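The block underneath contains the structure these notes are about, expressed in structure tokens.
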Number of protein chains: 2
Amino acid sequence: MDKPQPGHLKNAGLKSTVPRIRILELFELGQERHMSAEDVYKHLLASGDDVGLATVYRVLTQFEQAGLLTRHNFEGGKSVFELNQGKHHDHIVCLQCGHVEEFYDAAIESRQEKIAAERGFAVHDHSLHIYADCTKKKCPYK
Amino acid sequence: MDKPQPGHLKNAGLKSTVPRIRILELFELGQERHMSAEDVYKHLLASGDDVGLATVYRVLTQFEQAGLLTRHNFEGGKSVFELNQGKHHDHIVCLQCGHVEEFYDAAIESRQEKIAAERGFAVHDHSLHIYADCTKKKCPYK
DNA sequence: TTGCAAATGAGAACTATTATCATTTGCTAT
DNA sequence: ATAGCAAATGATAATAGTTCTCATTTGCAA
Ligand SMILES: [Mn+2]
Ligand SMILES: [Mn+2]
Ligand SMILES: [Zn+2]
Ligand SMILES: [Zn+2]
């Protein structure tokens, strides 16, 4: 009689295996919100979980397709994933330290819809990344 | 007494070699505005110009650094370049045919500045890509 | 428990891009 | 024009990120 939490595996049509459980836990309970496949792989190894890198890639893609995770392609060539909590947002990426900050702006969102509609397009999705330098103390590195 | 056109090679501190001239011509005179390294390479081969792929990659990066070209990272993993004509714009990418349409929206641009400033960031640059289906006849393929 | 389709993991393969380095080429100064 | 030479090129090796292959393992239903 375990109540099926939203975002759990079977719920998403995926059978619950050790690697999948570990990876989902990492996103749900871990401290890092945005992680690449390599990030996930290293965290799992560090936790003593012995998963293969291929499985990490496979599972991340499955989770994305199942709507559990969202994928982003920031500059730098590697995909970054985060828990999909239903609320769309965009990102500011700090050029000094790589810190990622999230934001949502209704005005930007609606302008995009309008622009696309005017040109005869139905928006499927979009990505907006602001690359910036932080102007105060917050940056950990330099 | 050749008047140095803006955006010409020497003008950008690059000595004018055959590959560089051909590549720049392709962007200035060709019909495709947004091209990947592979696109450029194939066009040149088709024109009978015998350049190496490594040179294409090198030159595209140099042109980007010199401000002659702009690089975009659309979905699909490959960098796409276009002539830098000074005016920033963002892109709608058609999910059916890959057609790329350009737009500029002052409201979106200024909201970005404001959002970043509020959070203590100085915008360096940004990328905004809208992925959409075109809702009318325009799509060449399907 | 057993049976077996589904999932995994090690490693090969692939794609986009960069690095290496011997050879060629575009200037510059004769 | 010509020689000298640093800069540029191109073939190819190397790298990074990711996907594919396939023999072995595992979750789960009967
Ligand atoms: Mn996010
Ligand atoms: Mn453009
Ligand atoms: Zn958005
Ligand atoms: Zn913009």
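Because the structure is predicted, anything quoted here is derived from the model rather than measured. Convention: sequence-line order gives letters A, B, ...; per-chain numbering from 1.
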Any ring-ring contact (aromatic ring centres under 6.0 Å, His included) pairs touching residues 21-51 of chain B, not counting sequence neighbours?
B:H34-B:H91
Residues forming a side-chain contact (heavy atoms from CB on, under 4.5 Å) with B:K15, sequence neighbours excluded:
B:T17, B:R20
Compile the donor-acceptor pairs under 3.5 Å between side chains in residues 52-60 of chain B and protein atoms, sequence neighbours left out, one pair per line.
| from | atom 1 | to | atom 2 | distance (Å) |
| --- | --- | --- | --- | --- |
| B:T55 | OG1 | B:R58 | NH2 | 3.1 |

Identify, with sequence neighbours excluded, every residue that meets salt bridge (charged side-chain N to carboxylate O under 4.0 Å, His left out) alongside A:E25.
A:R22
Which residues share a side-chain contact (heavy atoms from CB on, under 4.5 Å) with B:K114, sequence neighbours left out
B:R111, B:E118
Those residues that, when tested against B:E109, pass salt bridge (charged side-chain N to carboxylate O under 4.0 Å, His left out) (two or more places apart)
none
Using the heavy-atom set of chain A and a strict 4.0 Å cut-off, write down the first and last nucleotide of DNA chain D that makes it in, 5' to 3'.
D:dG17 to D:dC28
Please give the angle, rounded to 10 degrees, between the axes at the start and the end of the helix from C:dT1-D:dA30 to C:dT30-D:dA1, where five pairs define each axis.
20°
Taking side chain to side chain contact (heavy atoms under 4.5 Å, CB included) as the criterion, tell me which of A:L9, A:N84, A:L83 meets it with A:F63.
A:L9
A:F74/A:H129 aromatic ring centres below 6.0 Å:
yes
Non-neighbouring partners of A:E75 that pass salt bridge (charged side-chain N to carboxylate O under 4.0 Å, His left out), sequence neighbours left out
none
Should we count NE2 of A:H88 as having more than 12 external heavy atoms under 6.0 Å?
yes
Indicate if A:V93 and A:V80 have the same hydrophobic cluster label, given that clusters are the connected sets of ILVMFWY residues with side-chain heavy-atom separations under 4.5 angstrom.
yes
Among residues at least two apart in sequence or on other chains, which ones pass salt bridge (charged side-chain N to carboxylate O under 4.0 Å, His left out) with A:R71?
A:E64
Quick tally for nucleotides 25-30 of chain C: nucleotides whose base has a protein heavy atom under 4.0 Å get B, sugar-phosphate-only ones S, the rest -, giving -SS---
If I take atom CZ in residue A:R22 and atom C1' in nucleotide C:dG9, what distance separates them, rounded to the nearest angstrom?
16 Å
Summary of protein contacts for nucleotides 10-21 of chain C, nucleotide by nucleotide, where a base hit scores B, a sugar-phosphate-only hit scores S (4.0 Å, heavy atoms)
BB----SBBBB-
